[in-house]
Protein chains: 2
Amino acid sequence: MSIGDSEQRLDATAKVTGRSRFTSDLMMPGTRVAKYLRSKIAHGRVTSIDTSEARALAGVDAVFTFADIPKIPFATAGHAYSLDPKTRDVEDRLLLTDYVRYHGDEIAIVVATDQLIAEKALQLIRVSYDEYPPLLNHQQAMDDQAPVLHNKAFNKVGEHEYELGNPSEMLKSADLQLAGSFQTQMVQHCHLENQIAMAYMDDTDHIVIVSSTQIPHICRRIVAQALSWDMSRIRVVKPTVGGGFGNKQDVVLEPMAAFLTLKLGGIPVQIDLDREETMLSTRVRHPISVDIECGVNKDGTLKALSLDVISNTGAYASHGHSIAKSAGAKLPPLYPKASLRYHAMTHYSTLPAAGAMRGYGSPQIVFAVESMVEEAARKIGMDSVEFRLRNAAQKGDMNPLTDKHITSCAVRECLRKGKEHIQWDLKKNEYRRSNESSENRNIRHGLGVACFSYGNGTYPAGVEIAGARMILNQDGRITVQVGATEIGQGSDTAVAQMTAEYLNVPVSSVHVVSSQDTDVSPFDPGSFASRQTYVVSKPVSEAARELRQKILDYAAEMLDCPASGLELNNGRVTGNTGEKTLTLKELALDAYYHKQRGHQLTADVSRKTTSNASSYGCTFAEIEVDIELCQVKVLNILNVHDAGKIINPVLAAGQVHGGIGMGLSGAMSEELMVNPKTGTIYNGNLLDYKIATMPDMPDIGSDFVETNETTNAYGSKSVGEPPLLSVAPAIRNAILDATGVAMNKLPMSPKALFNAFREAQLIQEAN
Amino acid sequence: MSIGDSEQRLDATAKVTGRSRFTSDLMMPGTRVAKYLRSKIAHGRVTSIDTSEARALAGVDAVFTFADIPKIPFATAGHAYSLDPKTRDVEDRLLLTDYVRYHGDEIAIVVATDQLIAEKALQLIRVSYDEYPPLLNHQQAMDDQAPVLHNKAFNKVGEHEYELGNPSEMLKSADLQLAGSFQTQMVQHCHLENQIAMAYMDDTDHIVIVSSTQIPHICRRIVAQALSWDMSRIRVVKPTVGGGFGNKQDVVLEPMAAFLTLKLGGIPVQIDLDREETMLSTRVRHPISVDIECGVNKDGTLKALSLDVISNTGAYASHGHSIAKSAGAKLPPLYPKASLRYHAMTHYSTLPAAGAMRGYGSPQIVFAVESMVEEAARKIGMDSVEFRLRNAAQKGDMNPLTDKHITSCAVRECLRKGKEHIQWDLKKNEYRRSNESSENRNIRHGLGVACFSYGNGTYPAGVEIAGARMILNQDGRITVQVGATEIGQGSDTAVAQMTAEYLNVPVSSVHVVSSQDTDVSPFDPGSFASRQTYVVSKPVSEAARELRQKILDYAAEMLDCPASGLELNNGRVTGNTGEKTLTLKELALDAYYHKQRGHQLTADVSRKTTSNASSYGCTFAEIEVDIELCQVKVLNILNVHDAGKIINPVLAAGQVHGGIGMGLSGAMSEELMVNPKTGTIYNGNLLDYKIATMPDMPDIGSDFVETNETTNAYGSKSVGEPPLLSVAPAIRNAILDATGVAMNKLPMSPKALFNAFREAQLIQEAN
């Protein structure tokens, strides 16, 4: 009765009125402020550090340097723990370091009564370095002579390859062979709320961490590991979170906050990064370069794709090679009939550490693949949409990587729907004519398209588990606890709708506890991999069914009739014949307050998911290029998704709007720029880092082709990350369509366009 | 493996080091301070109030008067809700009032950015009153001409009577008849942490209340009622509480805090009473007067007791007549063979409102009864202990009030044990000689004894429900959530021991979530009626057994063997034959992280208790009286309890020490003193109110006679309130023993002793 309705977000009023309470709004009296001393160089070793003046400053509680911290290496990546040591994340972090691996690395930390004193103390610390040349890219990092950044033989983090079908043979035997090289840039998540964590010790000598995290339960485990402290004696609380986009899927601040409160007798200590620290010293998106070979037949058959992927994870592994690996797994479900080769390696460098970011490697790979596919279609003279329609997956196809059938897939229907919406054929013809006309050679128009597939969670790479607990309250309303972590994406509202559906009550009768608390929240690794709605549906639906049955059984006791003759409809228990009836409130009051019978009615369910459906979709972009100004104006951009059954159309559309905006910004302007000599970052702030703002946004269109995903209790699939994936290649393909110029490197900024247009002789050297 | 061990309190370190975080330690940035404008008169009506200057003061957010509040009367008493409207608490409160009913009544409230501004604003409010004569006692309050304080026909709150056996006949037919009148005073709880509550609105437009309360779930219900707001949309969080003794079993501040945040757009508002406000304007103990008639046979048989009880509940009903009613129900289980008549009425007055306080009316009734019983023993010339041994209950006796057998009772063994400890016979003889000797007529010695019985919860007067949820953590430790509310008494530690017992793990492996949160904590009305350990034992033991079985079942799946062949011993699953073995941590890691099998192992149990055992015990007091100084020195005081099986001897002894201290202070010095003309309170502060401090404390002895209470999963019974009950009469009886003077009114202060000794001509008029 609720699934498919555009229910208002549960937190809408609080967000709009500014009432939401984020981590910094929960600072307790007496909380100390901790500030990191960060390296101003990108690569080197601290030769001396003098903290005596800082320690002596009034208001400074303590200063800790790399010499004071436990020597327990830990991994920060927010993955569920693996029972297999071989697939665990790379443990390459200490709380502080004397070996500086990037511009912003953490050397020491000051704890003081307020921020001004902490910052003053930082200025009083004297540091000397031995500075080394930076290692910025694959060539520098993997050079035989390159210094090794971590305790390894060389700077490689991981490498893998798969071959599906017979790619080398298919490449050779195809009618035509193409090749291309693609490069993506280093960008940052730029979530509204910076990274922040507070820690203190509670009455039972446990460490309590309040943190803006996507992964409270994982955070608990990693802090335990980093401090060699019992996991049960750590409690992580997640209040309202102002966005994360994957950056808060790393455990960046919490181990240090916990360490500080432990050292300082349990007083609350807060680490609240500023924007500049968040941009440089949390996580960035992996810059990835992809070389592709492609074999295509003239009839439009995509015969083979062979990818060589190099991923630069920066100074620390964080999610490391799993980014490149995960992205590679999204290709076979999209083009299952092509022979595929995917080889990827990830290396360290002295760039800021790259971690999870919306799309988790896929935006980079999709950019390369969908650019290459576009080239293939053009090479054989086939319409871009038509070519994809011929090759993209459909339901029932075998995913050659998993040997499992694709349980739902409407990417072809998405392509058709998008094509119609954007008036593809009409405009293609119109623009071809106008671009070729001599009247206005400076203004060109083009259309582009790109497809993607994406997963629902991490299975089978990672364990997928989720939980839900439901309580029938005295007033007949339902409280729901989930481990699924609301970070702004709207998952609580989806959970409320899922609950309402099975209990047959209005959504307004369902209260979802939004703050996760690892002491009491059902276990769930958290918000990542577009997993929440998919994975939580199992325990939510089962808990709702269990609670429903308990309600009917209790009604049967009250009404002295068999439960089988009762139904739960719109908050009321009714008999088949209609005469026996109870409101949920009447029933609940009896269960709670009858002196002899009854008890609090609850349901508590934890379940693992052992499936992983694929979401699909495509982006259509219609653009105008001003050649002389090197300016691309997006006239229309449209995503059409197959995300299964849509739980909440407005929230799903919201995800699409946000994803397209982020994709557009990343495609056209964002880039963390590096001084090639020193390795320091030029623009680690929101003034110099060019992120799109509202005036940069075109009208954004979103549409859905609903399928019924049978592996999910509500038929739904992921829609959190996918909207971003195919934006950049769609625009790139539209620029190609408009100008004939292939922009194979991101961002497609005016500067890049200028260089490309000049090379293509669309614009001439200035006199 | 843990029950019966003196485990250290879970919060010991935090309490000793000052790390514990109470409500005021959780104040959030931007929290506003609210201060009440309280009446300076005891009885009257506000004729005009001008808040314009206060409202205009910079930093004042708002001022609300009695004219601004919802006109929804509500009850503040912390009782579980009753399905029967006739047994619900009296709804006689509004948030503010223009009719002043006691000195300190709440007329208006100021909300400001800090306390100083709030207090300054209070001074700017101009109030005029019509002042009326106070109604201080039964005579004044129940006079036909007395103004009626509430919306009732007259000032009576409640009245009831029971007769068991044939009391009038037995009184008449007894060998001897005695009568006596006893009076107890108005005292205050004086818990360390004053009353405090904070409220704000959360992301889902729910009201969150953080409060130092004994009854979070009841608080939620009462706030909902007072504001006509959905119960599910209120969340009450109880952090560490610095004592309550029943005063925080009233919902005093929370409705107002919730009202204020609702009015002010959800900003956090804190009401933090100071000591003077807590003493006058929260709750006090009911002053009670008791007239008793007693029939006794010369052979030592207590034939009959007939009590007429008048209880003064002050300005508002609060727990009202249930105090006198509940206390009356404790008499039959102590002297079940005597015929009993108990008549009680409770009336309003213009004194501060009386509510629940440790013992819940029983200290007053026990003082009267055990003084009367002492008189009876003396009248027939029988030893005081011997007389009680003859008449007190024993296991298997029928409780004539409930018609149920007494399932455990060792009050006679307690008497014998105490008698031996204190060397009763030896000292009786010795003191008789020394008191009679002419050498030092000024210094007298005496021994006194008094018995009591007490309940375990409120059943069948109230519904008894409790819940427990257990989680097996990844490290093999157990997290326990209970609704049972730790307020300093040590219940969390008892719950940890109960859990450890059934799971066969060390207590250090059990973490009890100490903070109750009505959104997620299992339902339990809270901490009162000495119910926690008794009532929570059912769901805790059942949840532990359920979790244990789930662990064994999962181990069976892992080990591929039948669960019936497995055992859980000291944190390890072992096979019968010993070869198959798993630590709980190994098992938990598999359950959480195996990719296909397993889930989070939890158990979630809510249960009602439909029994109510009686605890028993006695106090022995040995005193020295300096007649001329009117000074009583307690040389020895000893409580011996039958509290069933003792869960934690040190914590139980701690309850006894605290109870004796409180009882001693209440017996000897405490009294809220009233100006008989104006009705205002003379000494509503800790300077003028004479509460005992450490130097006033004698050596305190405690001992136990353990029984096995079959209605409880661990054999245990209540020990929270009982230690207080028989302290005053034991001392009173010892003074009688030493001096022949019967102190029938509390407190037995030097001034009272002076008057009594002078009347008895032990001291002469000064020249």
Side-chain angles (χ1 to χ4, degrees), chain A residues 10-11 13-15 17 19-21 25-29 80-83 200-206 221 230-233 240 265-266 459-460 463 465 467 469 473-475 477 479 481 511-514 519-520 522-523 589-590 592-600 602 604 606-608 610, chain B residues 10-11 13-15 17 19-21 25-29 80-83 200-206 221 230-233 240 265-266 459-460 463 465 467 469 473-475 477 479 481 511-514 519-520 522-523 589-590 592-600 602 604 606-608 610:
Chain A
L10 304 180
D11 56 353
T13 309
K15 284 276 168 62
T17 58
R19 180 193 290 155
S20 289
R21 307 211 136 252
D25 296 316
L26 302 173
M27 202 163 88
M28 298 185 293
Y81 183 71
S82 170
L83 293 177
Y200 62 94
M201 293 186 74
D202 76 3
D203 271 30
T204 52
D205 302 325
H206 292 211
R221 171 177 59 77
D230 295 323
M231 211 187 300
S232 292
R233 293 172 65 209
T240 304
Y459 186 83
V463 59
I465 180 171
R469 181 168 179 256
N473 288 310
Q474 291 97 317
D475 56 7
R477 291 165 188 260
T479 294
Q481 290 177 267
H511 166 47
V512 180
V513 177
S514 190
D519 265 9
V520 302
F523 184 73
L589 284 174
D590 194 275
Y592 277 92
Y593 298 116
H594 191 287
K595 280 183 191 169
Q596 281 80 33
R597 71 184 173 202
H599 56 273
Q600 187 180 35
T602 63
D604 189 3
S606 166
R607 289 289 176 270
K608 286 181 181 168
T610 53
Chain B
L10 303 181
D11 57 353
T13 309
K15 284 275 167 63
T17 58
R19 181 192 292 157
S20 288
R21 308 210 136 253
D25 296 316
L26 302 173
M27 201 163 88
M28 298 184 292
Y81 182 72
S82 171
L83 293 178
Y200 62 94
M201 293 187 74
D202 75 4
D203 272 30
T204 52
D205 303 324
H206 293 210
R221 172 177 59 77
D230 295 323
M231 211 188 298
S232 291
R233 293 171 64 209
T240 305
Y459 187 84
V463 59
I465 179 169
R469 180 167 179 255
N473 288 310
Q474 289 98 319
D475 57 5
R477 291 165 188 260
T479 293
Q481 289 176 268
H511 165 48
V512 179
V513 177
S514 190
D519 264 9
V520 302
F523 185 73
L589 283 174
D590 194 275
Y592 276 92
Y593 298 116
H594 192 286
K595 281 183 192 170
Q596 281 80 33
R597 71 185 174 202
H599 56 273
Q600 187 180 36
T602 62
D604 190 2
S606 167
R607 289 289 177 269
K608 286 180 181 168
T610 52

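Numbers restart at 1 for each chain; the letters A, B, ... are given by sequence-line order, proteins then strands. Values reported hereafter were calculated over all heavy atoms of this structure, with side chains retained and with hydrogens, waters and symmetry mates removed.
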Taking every heavy-atom pair that is under 4.5 Å apart, which of A:Met201, A:Gln481, A:Arg469, A:Met27 has the most such pairs with chain B? A:Arg469
So, the part of A:Leu589 with a heavy atom under 4.5 Å from chain B: the answer is both
Where on A:Asp205 is there a heavy atom nearer than 4.5 Å to chain B: the side chain, the backbone, both, or neither? both
Which heavy atom of B:Thr204 sits nearest to which heavy atom of A:His511, and what is that distance? OG1-CE1, 3.7 Å
Pick from A:Val520, A:Thr240, A:Thr602 with the largest number of heavy-atom pairs that fall under 4.5 Å of chain B: A:Val520
For chain A, find which of B:Asp519, B:Ile465, B:Val513 contributes the most heavy-atom pairs closer than 4.5 angstrom. B:Asp519
Chain B contact via A:Thr610 - which portion, at a heavy-atom distance below 4.5 Å: side chain
Residues which pass side chain to side chain contact (heavy atoms under 4.5 Å, CB included) with A:Asp230, listed by chain and number, not counting sequence neighbours: A:Arg233, B:Asp475, B:Arg477
Backbone N or O of A:Tyr592 within a donor-acceptor pair of the A:Gln474 side chain at under 3.5 Å? no
Donor-acceptor pair, B:Asp11 side chain versus B:Lys15 backbone, under 3.5 Å? no
Out of A:Pro460, A:Gly467, A:Ser514, return the one with the most heavy atom pairs under 4.5 angstrom to chain B. A:Pro460
Set of residues satisfying side chain to side chain contact (heavy atoms under 4.5 Å, CB included) with respect to B:Asp590, sequence neighbours excluded: A:Leu83, B:Tyr554, B:Met558, B:His594, B:Arg597
Just checking, any donor-acceptor pair under 3.5 angstrom between side chains of B:Thr479 and B:Asn473? yes
Tell me which of these, A:Gln596, A:Arg607, A:Lys608, A:Met28, has more heavy-atom pairs under 4.5 Å with chain B than the rest. A:Lys608
Name the region of A:Ser20, side chain, backbone, both or neither, that has any atom closer than 4.5 Å to a heavy atom of chain B. both
Partner chain B: residue of A:Val512, A:Leu26, A:Asp25, A:Thr17 with the largest heavy-atom pair count (under 4.5 Å): A:Asp25
Please look at B:Gln600 and chain A and tell me whether the side chain, the backbone, both or neither of the residue comes under 4.5 angstrom of a heavy atom of that chain. both
Quick check with a 6.0 Å cut-off and a 45 degree axis cone: is A:Arg21 positioned over the face of B:Tyr200's six-membered ring? yes
